[in-house]
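Here is the structure we will look at, set down as structure tokens.
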Amino acid sequence: MREPAWRRTGKTPDYRFSLANERTFLAWIRTSLALLAGAIAIDQLAPNIAPQPVRIILCVVLSFIGAGLAVLSYRRWGLMEAAMRNNQALPFSRVLLFMTIVVAVAAFGFAVLILMAR
């Protein structure tokens, strides 16, 4: 894999900031993996939580959101590194609000499904 062009610009930031950015990236990847694990768990471990078409839709949606978050986390990591290298303000991301809404809606939806399955 070739080195991104932004790595050849600016100056190398303090390694502590780069490592903090990497830890944030890894946290986003863990969230992505949790969404994928949740999708698999719903499909394999909770067959009675909802009718099969609803369950399949939930699993596919969670999987796509998890995959999208993985891609966005790499993009965000690169944007943060580039900003630090060029001594610019860190870019704003709407992904935080989006993920907050996704997790809140999913939690509410699964609570309703669990209560209805009883």
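Keep in mind the model is a prediction, meaning the values are calculated, not measured. Hydrogens, waters and symmetry mates play no part in the numbers below; they use all other heavy atoms, side chains included.
Around atom CD of Q52, no more than 12 heavy atoms belonging to other residues, nucleotides or ligands sit under 6.0 Å away. Residue R94 places its CZ atom among 12 or fewer non-hydrogen atoms of other residues, nucleotides or ligands, all under 6.0 Å distant.
Residues F110 and I65 are members of one and the same hydrophobic cluster, defined by side-chain heavy-atom contacts under 4.5 angstrom among Ile, Leu, Val, Met, Phe, Trp and Tyr. Residues V60 and L35 do not share a hydrophobic cluster, defined by chaining ILVMFWY side chains whose heavy atoms lie under 4.5 Å apart. Linking Ile, Leu, Val, Met, Phe, Trp and Tyr residues whenever their side-chain heavy atoms come within less than 4.5 Å places M116 and F108 in a single cluster. Both V54 and V61 are part of a single hydrophobic cluster, where members link through side-chain heavy atoms under 4.5 Å apart. One hydrophobic cluster, built from ILVMFWY side chains closer than 4.5 Å, holds both L72 and L96.
The CE atom of M99 lies 8.0 Å from the OG atom of S32; values are rounded to the nearest 0.5 Å. Here the CD atom belonging to E81 is positioned 9.5 Å from the OG1 atom belonging to T12, to the nearest 0.5 angstrom. To the nearest 0.5 angstrom, I49 atom CD1 is 6.5 Å from I42 atom CD1. I40 CD1 to L45 CG: the interatomic distance, rounded to the nearest 0.5 Å, is 10.0 Å. Between atom CG of residue L62 and atom CD1 of residue I57 there is a gap of 12.0 Å, rounded to the nearest 0.5 Å. Here the OG atom belonging to S73 is positioned 3.5 Å from the CD1 atom belonging to I29, to the nearest 0.5 angstrom.
Scored by the side-chain contact (heavy atoms from CB on, under 4.5 Å) test, R75 finds L79 as partners (sequence neighbours excluded). The ring-ring contact (aromatic ring centres under 6.0 Å, His included) search around Y74 returns W77, not counting sequence neighbours.
Side-chain N or O atoms of D14 include one that pairs as donor or acceptor with a backbone N or O of R16 at under 3.5 Å. The closest donor-acceptor contact from the side chain of R76 to the backbone of F25 lies at 3.5 Å or more, if one exists at all.
Contact detail for N48 and A117: the closest heavy-atom pair is O-CB, 3.8 Å. Residue A82 comes nearest to W6 through the heavy atom pair CB-CB, 3.9 Å, listed as atom of the first residue, atom of the second, then distance. R55 and P47 make their closest contact through NH1-O, 2.9 Å (heavy atoms, listed as atom of the first residue, atom of the second, distance). Here the closest non-hydrogen pair linking R8 and E3 is NH1-O, 3.4 Å.
Side-chain contact between L69 and F98: absent, with no pair of heavy atoms (C-beta onward) separated by less than 4.5 Å.
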